[in-house]
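I have placed the structure first, in the form of C-alpha cells, so that the comments after it can refer back to it.
Every chain is numbered from 1 and lettered A, B, ... according to where its sequence line falls, protein lines coming before strand lines.
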Number of protein chains: 2
Amino acid sequence: MTVSITDVARAAGVSASTVSRALRGRPGVSDEVRAQITAVAEQLGYTASRSASSLASGRTFTIGVVAPYIGRWFFGTVLDAAEQVFSAAGYDVLLYNLGSAEARKRFFTKMPVRKRVDAVLSLLIPDEEESAALRSLGVPLASTVGGARPGFTVVGIDDRAGAESAVRHLVNLGHRRIGMISGASGPLHWTTPVDRRAAYLHVLAEAGIEPDPALEADGDYTVEGGERAMTELLAASRPPTAVFAQSDEMAMGALRALRRHRLRVPEDVSVVGFDDHELADVVGLTTVAQPVAGQGAEAARLLLRQLDEQDAVPRGRVEMPIRLVLRETTAPPRPRGPQ
Amino acid sequence: MTVSITDVARAAGVSASTVSRALRGRPGVSDEVRAQITAVAEQLGYTASRSASSLASGRTFTIGVVAPYIGRWFFGTVLDAAEQVFSAAGYDVLLYNLGSAEARKRFFTKMPVRKRVDAVLSLLIPDEEESAALRSLGVPLASTVGGARPGFTVVGIDDRAGAESAVRHLVNLGHRRIGMISGASGPLHWTTPVDRRAAYLHVLAEAGIEPDPALEADGDYTVEGGERAMTELLAASRPPTAVFAQSDEMAMGALRALRRHRLRVPEDVSVVGFDDHELADVVGLTTVAQPVAGQGAEAARLLLRQLDEQDAVPRGRVEMPIRLVLRETTAPPRPRGPQ
DNA sequence: GGTTGTTGCGCAAGCGTTTGCGTTCAGTTT
DNA sequence: AAACTGAACGCAAACGCTTGCGCAACAACC
C-alpha cells in the first residue's frame, strides 16, 4: 500500500540502514549513493513513518503545547508565533487546549504527551502538582506568562512594572479615585493578576491615596466580564474617574459599559488597558504594550536550543520589554465628579 | 526507565497481550483479571506508547488540523472549538499553521502528516494539487470555510446570502454609492471573497445601481488593510456613503480610517461588516453573524463520525445559519453627500 | 607484503505495541 | 466416558524504522 523504507532500499539496490542514514544526513554514506537514494525516495514519494522512527530512536520531533483559551487574542497570538518557530525547525506541534477544568484534569491525569513529545511549552501556569507531572516527562519545559516554576524556562514581562506605569499615568493626570478591573478568577493559577494588583496598590500608596475595595471588580479576562465589572464600579456610591483594566479585552468591555451608561471617554472616565490588543488602536485605547508574538517566538527558540544542546537545564527567566502606549481613552479628570 | 507493557504484565502475572486487551476494553479477558491489570497499571503509572501502538495498529488517534493565521479571531475560534471536540473524544490534535507561503509549501511537499493522523481538518481551501495531496493520505477529510472540494466534508455558510443581506440593508437605508472592502489577495485559494463580491454586484444590479470600480478596494482581511482600503475609497472623486467590508476586522480598520478623516459613523458613512467578531459589539458594528465556533465543532463532529463508521465517504456540505445583526454603524445617508 | 586505518555498507537486534492463531481447561453435550 | 464446546489466555510475528557492530575493500604507512 504505502511505500516503506525497504521499498526505497530495494529500488535503490541498497539496504534499509543505508537509506535511513542517507535520508537523515548521517555519515557513512558516499555522496553518489546518497544522491541516488534521495532521488529514488523523492520519486517514490517516500516519507518516513514518524511512529516507527520515534519508536526506534526515542525522539519524536514533536513539541507539546498546552494552552488555555486559544481562541483569545493573547493565547492565539503566542501560539501562532511559537508554532512558526517550531515548524520552521522541523518540529510538529501537538496542541492541547485546556480551557475548561475538565479538559485540564483529563490532560494531567492521562498525560497523553508521555513518550509523544520531545519538549513542552506551556501557555498556562501549572500548579505544583501539575508541574511535577510535567517534570516527570523528563523533557525540556518552557512557559510564557506568569511566575517561574522550578524546571521551567520562562519568558515573560515585568507585570508589576507594567501595571505601575499604567496606574501612575492615571495618577499623573490628576486622578484620585482610580478603579481596577482584575481577572483573578478562573482555573488559571497564575501570578499575573496578583502582581498587577500589587502594583496598583503600590502606586496608590505612593501617591497617598487610600485604596477603596468598592473600586475593585473582577472581569474574568473577558469582554463581557469587563462590562459587568465596569457596571459594578459605576454603581459605587462614589464611582471612579479612571479605571485600570488588567487586560485590553476587559478594558473594551468597560468601554462598552460606559457607552451604555452614556458616559464619555475620556471626558467622564479614563480607561487604561494592558496588552496592546490588535484592536486597541481601533478603539483608541491607552494601554501598556507587551510583545505577545515575541514572547511565543522567544520561548519556542529557547526550547529548541535546549533540545539541540541535549541539555535539560532550564534557561531561567527572560524578561521582555513593555511600554505605555498613549491613545485617546485617558485624560485629566473633570473639575467635578463624573456624576 | 519508563514503564512498559511488559512491566505491567510481569507485575500482574500475565502476558503482555492480555494487558493490551484488558486496558483497551477488548474481549477475551475475565473481569477479575481485567480489574487486577487495571489496578496494577494505575499503580505503576503506565501509559501506552503512542508510537508503538500506532505502529502496530495503524491507528494514531490523532487528527491533523491545518489552518492559516491561527492568531486571527476567526481561525482561532474555529480551532478552539474543534480541538475541544477532538480531545473530548480522546483524539490529540497536530496543528499546522500555514499562514506564510513557505510554511504552506513546506507542508504540502513534505506532508508531515502522512502516517501520523487518522483524519485531517482543513481551515483553509487547498488548491487542486494540495487537495489531491491530502486525498492521497487516504483518511477522512473535512473543511470549514469556502467552497466544496471532492473528497471533503465541508461545513460553511451561504456566503452569497450573507453578503446580500448586508448590502441589501444598505440599499434599503437609501444608499446608492456603496463601496466594498474585499479580501481577495493572499495565498488562500478560497471562494469566499468571490462569492461575497458576486452577491454585492447582484444586489446593486437588483437595485438598479451601476457598479463603480473606484468603490472597490482590497483590505487583505486585516485591520490595517481595511484602514488602507477605506482611505483609498475616501480618495475617490465621489466617495461612498456606505461601505460593506467582507470581514469585521477590515470593517474595524475602516472605522479607524474614518475617524482619522474626522468623518462620523453612521452620520457621514455607514459601515457593515461580516463575521460578528467578539469585539463587533464593543464598537457597535452592524454585521452579518455566522456561528464561528459552531462551524469548528460541527466539522469536528462530522469527522469523528466518519472515523467511527470506518467510512471514508464525505458527508457532503453542511450549511450553518447566518443573520444580520443591526448595531450602530449603519443609518440612512444624509440628504447631501458626505464631503 | 604485512600491519594499521579509513570509508562505505549490510546484518540483525531492538523499540513497545497489537493481533491472528494455538493451547489449555472447565463445563457441556452425546 | 468420549467428544465437543467456548472462554481465557499465551506465543510469536508483525509494524517500519534506528543503530551498534562486523566486514569487506582499498589506501597509506613502515
Side-chain angles (χ1 to χ4, degrees), chain A residues 1-38 40-41 44-62 92 111-118 138 310, chain B residues 1-38 40-41 44-62 92 111-118 137-138:
Chain A
M1 187 74 254
T2 156
V3 28
S4 81
I5 198 172
T6 55
D7 297 327
V8 177
R10 198 174 316 118
V14 295
S15 75
S17 9
T18 303
V19 173
S20 173
R21 282 186 272 256
L23 260 27
R24 292 179 313 131
R26 284 296 154 91
V29 182
S30 68
D31 289 349
E32 310 99 274
V33 173
R34 190 186 302 271
Q36 202 236 339
I37 290 176
T38 311
V40 170
L44 261 49
Y46 169 73
T47 312
S49 153
R50 280 303 238 285
S51 321
S53 96
S54 66
L55 178 59
S57 70
R59 298 209 46 176
T60 66
F61 280 98
T62 302
D92 289 337
M111 270 290 160
V113 290
R114 188 180 302 282
K115 302 286 287 172
R116 280 206 87 178
V117 299
D118 293 339
Q310 307 282 32
Chain B
M1 187 74 253
T2 157
V3 27
S4 81
I5 200 172
T6 55
D7 298 327
V8 178
R10 199 176 315 119
V14 296
S15 76
S17 8
T18 303
V19 173
S20 173
R21 283 187 271 255
L23 260 26
R24 291 179 313 132
R26 285 295 154 92
V29 182
S30 68
D31 289 349
E32 311 100 274
V33 173
R34 190 186 301 271
Q36 202 235 340
I37 289 176
T38 310
V40 170
L44 262 49
Y46 169 72
T47 311
S49 154
R50 281 299 242 285
S51 321
S53 97
S54 65
L55 178 59
S57 70
R59 297 210 44 174
T60 66
F61 280 98
T62 302
D92 289 337
M111 268 291 159
V113 290
R114 188 181 302 282
K115 303 284 290 173
R116 280 206 88 177
V117 298
D118 293 339
L137 295 174

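- By the side chain to side chain contact (heavy atoms under 4.5 Å, CB included) test, B:S4 is found to be paired with B:T6, B:D7, residues two or more places apart in sequence or in another chain being considered.
- Comparing A:V29 and A:S57 by the nucleotide of DNA chain C whose heavy atom lies nearest to each, the residue mapping closer to the 5' end is A:V29.
- Qualifying ring-ring contact (aromatic ring centres under 6.0 Å, His included) partners for B:F61, counting only residues two or more places apart in sequence or in other chains: B:Y91.
- To the nearest 0.5 angstrom, A:R116 atom CZ is 10.5 Å from A:D92 atom CG.
- Atom OG1 in A:T47 sits 11.0 Å away from atom NZ in B:K115 (nearest 0.5 Å).
- A:K115 places its NZ atom 9 Å from the P atom of C:dT17, with the value rounded to the nearest Å.
- The nearest heavy atom of DNA chain D to B:G28 and to A:S51 marks one nucleotide each, and the one closer to the 5' end goes with B:G28.
- Rounding to the nearest 0.5 Å gives a distance of 9.0 Å between CD1 of A:I37 and CD1 of A:I5.
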Every protein N/O within reach of nucleotides 24-26 of chain D N/O, cut-off under 3.5 Å:
none

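- Counting only N and O atoms by type, the side chains of A:S15 and A:T18 include a donor and acceptor under 3.5 Å apart.
- Under the 3.5 Å distance criterion, the side-chain polar atoms of B:S20 are left unmatched by any main-chain donor or acceptor of B:A16.
- Relative to the side chain of A:R24, the nucleotides C:dT17, D:dC17, D:dT19 differ in distance, and D:dT19 lies closest.
- Taking CZ from B:R50 and CZ from A:R50, the interatomic distance works out to 16.0 Å, rounded to the nearest 0.5 Å.
- A sub-4.0 Å separation between OP1 or OP2 of C:dC9 and a side-chain N or O of A:S30 is present.
- Separating the CG atom of A:D31 from the P atom of C:dC9 is a distance of 10 Å, rounded to the nearest angstrom.
- Distance from the side chain of A:S4 is smallest for D:dC17 among the nucleotides D:dC17, C:dT17, D:dC9.
- One finds the CG atom of B:L137 at 5.5 Å from the CZ atom of B:R114 (value rounded to the nearest 0.5 Å).
- When the nearest nucleotides of DNA chain C are assigned to B:S53 and B:R21 by heavy-atom distance, the more 5′-ward of the two goes with B:S53.
- A heavy atom lying under 4.0 Å from DNA chain D marks the following residues of residues 10-18 of chain A, by number: A:S17.
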Under 3.5 Å, which donor-acceptor pairs link side chains of residues 25-33 of chain B to any protein atom two or more places apart or in another chain?
unit_1 : atom_1 : unit_2 : atom_2 : d
B:S30  : OG     : B:V33  : N      : 3.4

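- A straight line from CZ of A:R59 to P of D:dT18 spans 12 Å, rounded to a whole angstrom.
- In the set D:dT19, C:dT17, D:dG16, D:dT19 carries the atom at the smallest distance from any side-chain atom of A:S20.
- Once rounded to the nearest 0.5 Å, the distance linking CG of A:L23 with OG of A:S53 reads 11.5 Å.
- Of the possible donor and acceptor atoms, one in the side chain of B:T62 sits under 3.5 Å from a partner among the backbone N and O of B:T60.
- Direction of the helix axis in the helix from C:dG2-D:dC29 to C:dT30-D:dA1 shifts by 50° between the two five-pair termini, rounded to 10°.
- Separating the CZ atom of A:R114 from the P atom of C:dG16 is a distance of 14 Å, rounded to the nearest angstrom.
- Going from atom CG of B:L55 over to atom P of C:dG16 covers 12 Å, rounded to whole Å.
- One can place CD of B:E32 at 13 Å from C1' of D:dC9, the figure rounded to the nearest angstrom.
- Spacing between atom CG of B:L23 and atom C1' of C:dT19 amounts to 16 Å, rounded to whole angstrom units.
- Between A:R26 atom CZ and D:dT19 atom C1' the separation is 9 Å, expressed in whole Å.
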